[in-house]
Amino acid sequence: MMDSSKTENINEVCCINGLLIYKTFAENWDNIEAFQARADDIVIVTYPKSGTTWISEIVDMIYKDGNVEKCKEDMIFNRVPFLECKKEDILDGVRQLKNMASPRIVKTHLPVEYLPVSFWKEDCKMIYLCRNPKDVAVSYYYFQLMTPVHPKYASFLEFVEKFMDGEVPYCSWYKHVKSWWEKSKSNPRVLFLFYEDLQEDIRKEIIKLINFLGKKPSEELVEKIVHHTSFEEMKNNPSTNYTALPEEYMNHKVSPFMRKGCVGDWKNHFTVALNERFDVHYEQEMKGSTLKFKTTL
């Protein structure tokens, strides 16, 4: 799928059932597919680099009634395990979740058709957060630079080419967001949110989440969550900024995990020519979809 003459670490990713994914995740695929959901599980779904940690911390804050100290007691990747993640003994989403008390918050990047069937059978509530593809591409590019497991690309331009073609882990952004968008329109248990809306009016989106999760919004709770989940707070919080992971997993010296957390950073990276080509490709891929994105605020 990829030209190995241009990339390094090609052996770290592989294709399983048509999905390009990290090799260690693929080796655990049978356990992922057989995962047993519980009816009160909350599933957070995103395409990579779409605000996953942000929405995870917001949901955990809601479940902990705004108790910041409780949230800081453990790392986000332990409080909201990454379902398909398997990296030696440090990260093992399936095992972590099996050992967790209910209600569990589950994080995944899986496309609709790859989500373990038990989540549908148990009629679990799901939250899908998406972000405009230009900012996703920029964030994903920096993420692959700082995580040694990723194939390394010769340039940002080469990465965007692969991103447009769906030749990056988790494949096509277009298929991912469109399939979850369609699912949300037919299933009221799937709440579809936009990263840009969270940036524009965080309080409104938090209240929407609290109501969706069957809790009661109070001004005090909303304000606590707004403050605690601001970009600066999370960037400086060891329980959310991923600095607790070993350098061979994430090298923050190359690029911080929490880099900018804004809308429109793509303007600093896309050339006029690349932007024009991306727009044409976007129109082709999203033709017929009612899904619309803001690329600036």
Side-chain angles (χ1 to χ4, degrees), residues 1-10 13 15 17-21 45-52 54-55 109-114 128-147 150-186 190 192-200 255 259-297:
M1 190 176 276
M2 291 187 183
D3 180 353
S4 58
S5 66
K6 288 187 178 179
T7 58
E8 299 169 20
N9 292 0
I10 197 68
V13 292
C15 208
N17 301 338
L19 182 67
L20 191 65
I21 202 165
V45 191
T46 61
Y47 187 84
K49 309 314 294 173
S50 299
T52 324
W54 192 14
I55 195 78
H109 292 316
L110 292 173
V112 164
E113 65 272 28
Y114 292 94
Y128 187 86
L129 179 65
C130 67
R131 185 182 191 184
N132 82 77
K134 293 178 184 178
D135 281 331
V136 169
V138 170
S139 186
Y140 210 169
Y141 172 69
Y142 281 100
F143 182 62
Q144 60 83 32
L145 287 178
M146 63 93 70
T147 43
H150 276 101
K152 292 295 174 273
Y153 303 90
S155 64
F156 175 67
L157 177 62
E158 189 201 346
F159 178 79
V160 175
E161 295 284 350
K162 297 292 186 185
F163 177 84
M164 287 163 70
D165 292 339
E167 293 183 6
V168 292
Y170 293 99
C171 296
S172 169
W173 174 90
Y174 304 95
K175 288 179 183 173
H176 205 287
V177 298
K178 284 191 293 184
S179 60
W180 278 103
W181 174 246
E182 292 307 317
K183 182 63 77 173
S184 73
K185 292 200 292 185
S186 61
V190 180
F192 199 97
L193 298 175
F194 294 89
Y195 181 93
E196 293 75 22
D197 289 346
L198 263 76
Q199 288 282 1
E200 204 165 32
S255 177
R259 204 178 57 86
K260 284 193 176 180
C262 63
V263 179
D265 187 41
W266 63 269
K267 290 181 179 180
N268 299 315
H269 296 81
F270 277 65
T271 62
V272 172
L274 177 59
N275 190 47
E276 286 174 356
R277 223 154 50 72
F278 195 97
D279 285 347
V280 170
H281 184 260
Y282 178 91
E283 291 303 322
Q284 290 170 345
E285 293 289 329
M286 300 298 282
K287 195 175 179 182
S289 177
T290 54
L291 191 50
K292 302 293 178 203
F293 286 87
K294 297 171 187 170
T295 53
T296 54
L297 290 181

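Evaluation of the ring-ring contact (aromatic ring centres under 6.0 Å, His included) rule for Phe278 yields Phe270 as partners, not counting sequence neighbours. When the salt bridge (Lys or Arg N to Asp or Glu O under 4.0 Å) test is applied to Glu113, no partner is found at least two apart in sequence or on another chain. Contacts of Asp279 classified as side-chain contact (heavy atoms from CB on, under 4.5 Å), with partners at least two apart in sequence or in another chain: Lys134, Asn275. For Glu182, the side-chain contact (heavy atoms from CB on, under 4.5 Å) partners two or more places apart in sequence, or in a different chain, are Lys185. Taking the side-chain contact (heavy atoms from CB on, under 4.5 Å) definition, one finds that Glu161 meets it with Leu157, Arg277, sequence neighbours left out. In this view, Ser50 satisfies the side-chain hydrogen bond (donor to acceptor under 3.5 Å, both in side chains) rule with no residue, not counting sequence neighbours. The side-chain hydrogen bond (donor to acceptor under 3.5 Å, both in side chains) test applied to Asn268 returns Asp265, not counting sequence neighbours. Shown here are the ring-ring contact (aromatic ring centres under 6.0 Å, His included) partners of Tyr195, two or more places apart in sequence or in another chain: Trp54. For Trp181, the side-chain hydrogen bond (donor to acceptor under 3.5 Å, both in side chains) criterion is met by Thr290, not counting sequence neighbours. The side-chain hydrogen bond (donor to acceptor under 3.5 Å, both in side chains) search around Glu200 returns Lys294, not counting sequence neighbours.
For Tyr140 (side chain) and Pro169 (main-chain N/O), a donor-acceptor pair under 3.5 Å exists by modelled atom type. Side chain of Glu276 to backbone of Ala273: no donor-acceptor contact under 3.5 angstrom is found.
A heavy-atom distance below 4.5 Å is found between the side chains of His109 and Thr52. Residues Glu167 and Ser172 form no side-chain contact, since every pair of their non-hydrogen atoms from C-beta on lies 4.5 Å or further apart. Counting heavy atoms from C-beta on, the side chains of Tyr114 and Asn17 come closer than 4.5 Å. Counting only heavy atoms from C-beta outward, the side chains of Leu274 and Phe156 approach each other to under 4.5 Å. Phe192 has its side chain within reach of Cys130: a pair of non-hydrogen atoms, C-beta onward, lies under 4.5 Å apart. Annotation: side chain of Leu198 is in contact with side chain of Ile55 (closest heavy-atom distance under 4.5 Å). Residues Leu19 and Pro111 form a side-chain contact, since some pair of their non-hydrogen atoms from C-beta on lies under 4.5 Å apart. With contacts defined as side-chain heavy-atom distances shorter than 4.5 Å, the pair Leu291/Phe293 qualifies.
For the ring pair (Phe, Tyr, Trp, His ring centres under 6.0 Å) with His176, the lone residue among Tyr170, Phe163, Tyr128 that qualifies is Tyr128.
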Where do Leu110 and Val45 land on the side chain to side chain contact (heavy atoms under 4.5 Å, CB included) test, with the steps shown first? CA-CA 7 Å; Leu110 292 173; Val45 191; 6.0 Å; no
Candidate pair Lys49 and Val138, rule side chain to side chain contact (heavy atoms under 4.5 Å, CB included), full reasoning: CA-CA 9 Å; Lys49 309 314 294 173; Val138 170; over 6 Å; no
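Here NZ of Lys292 is found 10.5 Å from CZ of Phe194. Values are rounded to the nearest 0.5 Å. Atoms OH and CZ, from Tyr47 and Arg131 in turn, are 13.0 Å apart once rounded to the nearest 0.5 Å. Rounding to the nearest 0.5 Å gives a distance of 10.0 Å between OG of Ser139 and NE2 of His269. Put simply, CG on Asn132 and CG on Leu297 are 9.0 Å apart, with the number rounded to the nearest 0.5 Å.
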Side-chain donor-acceptor pairs under 3.5 Å in residues 281-288, sequence neighbours left out?
unit_1 : atom_1 : unit_2 : atom_2 : d
His281 : ND1    : Tyr174 : OH     : 3.2
His281 : NE2    : Met164 : O      : 3.4

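Pairing each heavy atom of Val136 with each of Trp173, the nearest pair is CG2-NE1, 4.1 Å.
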